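These numbers were taken from a predicted model, which means no experiment stands behind them. Residue numbers count from 1 along this sequence.
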Amino acid sequence: MIEIHRNDSVDETPAEAPTPGFHVTMNKPKTRHLKQLIKTNGQSRTLLRFGAVVLVLSVLLSLISPLLIRRLVDQFRHGVDWRLLIAIGALMIGSTALAAWGNYLFSAAGLAIVQETQNQTLAKILAKPVAFFDQTPSGQLTSRLTNNLDQIKNYYTAGYPSLISGIVTIIGAVGMLVYMNGILTLLLVGALLIMYGLLSGLANQLGAPMDAFLDEAGHYTAGITEAFTNIRLIKANTAEHQITAASQDQTAAMRREGLRVAKVMSRMQPIMSTILLLILGGTLAVGGYFVSTNRMTNGTLISFLVLVIQVANPMLNFSSYSASQKEADSAAKNLLAQLAAAGEDDSPKETKLLTTQLQHQPLALHQVSLDYGNGHGVHDLDLTLIPNQLYALVGPSGAGKSTLMAVLERFYTPTSGTLQVGDTPAACFALTAWRQHLAYVPQTSEVLSGTYRAYLQLAAPQASDADLNQALAAVQLTDFIASLPAGLDSQIAEAGTNMSGGQKQRLTIAQALLKKADIYLFDEITANLDADSEAIIRDLIRQLAATHTVLAAAHRLSSVRDADQVIVLENGRITGQGTPAELLTRNTTYARFVQEQSLA
């Protein structure tokens, strides 16, 4: 059987660069990337070597069986040789047991490789800068990682052991066939080569239609995934019919391309079946003639047929072995590239970022710009944040408030300018050390599935139940957690769908409080809160500002009306800074916001 495999990895080497999609190759595949991937995994190398030895022994036992069958058949005129029959059965059982053991060893090796590569690759991906995730769709990243790992696992659990046993079987069986009858062997090899050539030609015709089919399938998968994710929006707008209609167009396109594939695939099985029947029929005809002329015994003919069947199976599957090997090597190359790619620069620089540095020295931006392109971002920011102060960051949507906080968190490296603690550039401190001292609550509540306890302890693994309860009490979630079946050990649903928007926001704030940071960054945290909850959070922020640096972005000025300083941001630039009273008289944008929200 010829199998067609999808290759989602594109080899960047010009001489070897395949296009994404389905590919069938008849060239000898290279495995240098696979070898490099397992080079550091001593356990997998040992398992692969041991598994190869066991499989070779299994094949050798299976090749001995036809010789004993020949003797058994040739001796039937004298009666059944039960010892020989038992020996044949024992060989078959032994060969089967060794093959099962060898396959298990290869599966164990494949899983060991996948486990280590999974852990290393995930760590590397998580270490990449935020900009990488901005540019790479999460679904595509996840699909590529899991597909590559699946290709490698499937190769070592199925393709590689079949390739080893197939090569040994072909070499051993052909040698024995030549020994039995050279003329029949030549006829057999010629027929198999003809079949191989015909199937190769058909397989090469599958590339374009299979690529088109997978492209349509990809569009369909992306569409329904998005629909499931936004099911509330669809139902609220009674848009089920529109989504279904769009899906029907995509499935029709899939069917159209699938028929093109079927036209090619439908010819493969009949060709294989016909040639195999010709091989068996020809072997029986020629072999029968040799038997009738006493040039071959009945036992030899039967043994020859058994060996023909043993040779035919790996020959028919060699193209799938080859494609699987090439696919796995391309996947290994992609994973090796991920492992070699640079992540965020977290190398040790200054030994420590001391709490005293942030508690007693200002955090300053000097002419900081971060350009996303097309003028988006922040530009020429000069800003100094004094410890133990509450700063309110206001401005219209898209003004750059979230971007400014991302710069402070060092999610992005500024295009120009410097971020400093006192006189020391922030770049002098390792990222891990820097972020340990900052707590950031984003505009959209980001919760991870798992238990409430695990989520709260994400930034404070050593936090006790007393610490957790204190943080929950500060955001008025004590009663909510107490009402859950297992309290803190209850499960958070995916994306926190078993909580209201306000509950998710307050849970995120509680997690930030547990970090016990020196600087707190709050990005529109009261947007989903009712008036009572907003008042509680406003008081909490005011208390934090007594001993910490706090920067709070807000559209609702009521949540930051107690700010020591207000920073007005417009089009990525600071257009005003001062106390709320000062800005009322000298900044028209802030004055308009106050008037619109009736806070004057």
Side-chain angles (χ1 to χ4, degrees), residues 129-131 133-134 363 365 368 370 372 376-378 381 383 385 389-412 414 419 426 434-435 437-448 455 458-459 471 474-475 495-496 499-515 517-530 533-534 536-545 548-574 577 589-590 593 597:
V130 172
F133 296 95
D134 292 341
L363 182 64
L365 294 92
V368 168
L370 176 63
Y372 292 133
H376 298 296
V378 291
L381 298 185
L383 177 64
L385 304 178
Q389 295 281 303
L390 170 58
Y391 293 87
L393 184 60
V394 302
S397 297
K401 299 185 292 295
S402 297
T403 300
L404 171 55
M405 292 193 173
V407 169
L408 294 175
E409 269 281 356
R410 292 173 63 190
F411 288 154
Y412 305 94
L419 171 63
W434 179 266
R435 290 173 184 162
H437 293 270
L438 277 75
Y440 171 57
V441 180
Q443 186 173 1
T444 55
S445 305
E446 298 173 347
V447 295
L448 302 177
Y455 176 73
L458 195 63
V475 296
M499 289 183 284
S500 68
Q503 287 169 334
K504 284 195 291 185
Q505 189 70 74
R506 283 183 284 160
L507 188 70
T508 308
I509 296 169
Q511 185 201 62
L513 295 177
L514 285 163
K515 194 172 183 180
D518 300 300
I519 298 174
Y520 283 86
L521 307 175
F522 297 112
D523 192 356
E524 301 284 358
I525 62 171
T526 59
N528 294 316
L529 300 181
D530 55 41
S533 297
E534 180 184 340
I536 293 168
I537 299 304
R538 185 174 65 244
D539 291 342
L540 175 62
I541 291 175
R542 182 72 262 178
Q543 293 170 21
L544 280 172
H548 302 80
T549 304
V550 178
L551 176 64
H555 281 301
R556 289 162 57 176
L557 301 184
S558 59
S559 61
V560 289
R561 63 189 179 194
D562 298 327
D564 298 300
Q565 291 275 305
V566 175
I567 303 160
V568 182
L569 199 63
E570 299 179 81
N571 298 318
R573 300 180 185 275
I574 294 176
Q577 181 176 351
T589 299
Y590 179 76
F593 286 167
Q597 298 182 33

I'd like to check Ile567 versus Leu385 (side-chain heavy atoms, cut-off strictly below 4.5 Å). Are they in contact? yes
**OP:** Say whether, by atom type as modelled, one donor and one acceptor occur between the side chain of Arg542 and the main chain of Leu390 under 3.5 angstrom.
**Re:** no
Exercise. Side chain of Lys401, backbone of Gly395: donor and acceptor closer than 3.5 Å?
Worked result: yes
CH2 (Trp434) and CG (Leu419) are apart, to the nearest 0.5 Å, by 4.5 Å
NZ (Lys515) and CG (Leu458) are apart, to the nearest 0.5 Å, by 9.5 Å
field: Any Leu513 side-chain heavy atom under 4.5 Å of Leu544 side chain
entry: yes
Just by distance, do the side chain of Arg410 and the backbone of Arg435 share a donor-acceptor pair under 3.5 Å? no
> Is any side-chain heavy atom of Pro414 closer than 4.5 Å to a side-chain heavy atom of Val407?
Replying inline: yes
query: Is any side-chain heavy atom of Phe593 closer than 4.5 Å to a side-chain heavy atom of Val566?
result: no
Q. For the side chain of Gln565 and the backbone of Gln577, is there at least one donor-acceptor N/O pair under 3.5 Å apart?
A. no
Shortest non-hydrogen pair, Glu409 vs Leu438, comes out as OE2-CB, 3.7 Å
side-chain contact (heavy atoms from CB on, under 4.5 Å) with Leu569: of Leu381, Leu383, Val394, only one passes, and it is Leu381
All heavy atoms of Ala471 vs all of Leu514, minimum pair found to be CB-CG, 3.8 Å
| Side-chain (Gln597) to main-chain (His555) donor-acceptor, under 3.5 angstrom | yes
In this structure, CD1 of Ile537 is separated from CD of Gln505 (nearest 0.5 Å) by 8.5 Å
(message) Using side chain to side chain contact (heavy atoms under 4.5 Å, CB included), reason through Thr403 and Tyr412 one step at a time and then give a plain yes or no.
(response) CA-CA 9 Å; Thr403 300; Tyr412 305 94; 5.8 Å; no
Tightest non-hydrogen contact, residues Ala512 and Ala439, listed as O-CB, 3.9 Å
Practice item. Report yes if the side chains of Ile541 and Tyr520 come closer than 4.5 Å at any heavy-atom pair, otherwise no. Key: no
- prompt: Side chains of Ile519 and Leu551: closer than 4.5 Å at any heavy-atom pair?
  reply: no
Closest heavy-atom pair, Phe522 versus Met405, reported as atoms and distance to 0.1 Å, is O-CE, 3.1 Å
- prompt: Less than 4.5 Å apart, any side-chain heavy atom of Val475 and any of Leu507?
  reply: no
So CG of Leu448 and CD of Gln511: to nearest 0.5 Å the spacing works out to 8.0 Å
*asked:* Checking Leu404 against Leu365 for the side chain to side chain contact (heavy atoms under 4.5 Å, CB included) test, could you report, in this order, the C-alpha distance in whole Å, the side-chain angles of both residues, the deciding distance, and whether it holds?
replied: CA-CA 10 Å; Leu404 171 55; Leu365 294 92; 3.8 Å; yes
CG of Leu521 to CG of Leu408, rounded to nearest 0.5 Å, is 5.5 Å
Taking every heavy atom of Asp518 against every heavy atom of His548, the minimum-distance pair comes out as O-CB, 3.5 Å
Rounding to 0.5 Å, atoms NZ (Lys504) and CD1 (Ile509) come to a distance of 13.5 Å
When every non-hydrogen atom of Asp523 is compared with those of Ala553, the smallest separation belongs to OD1-CB, 3.7 Å
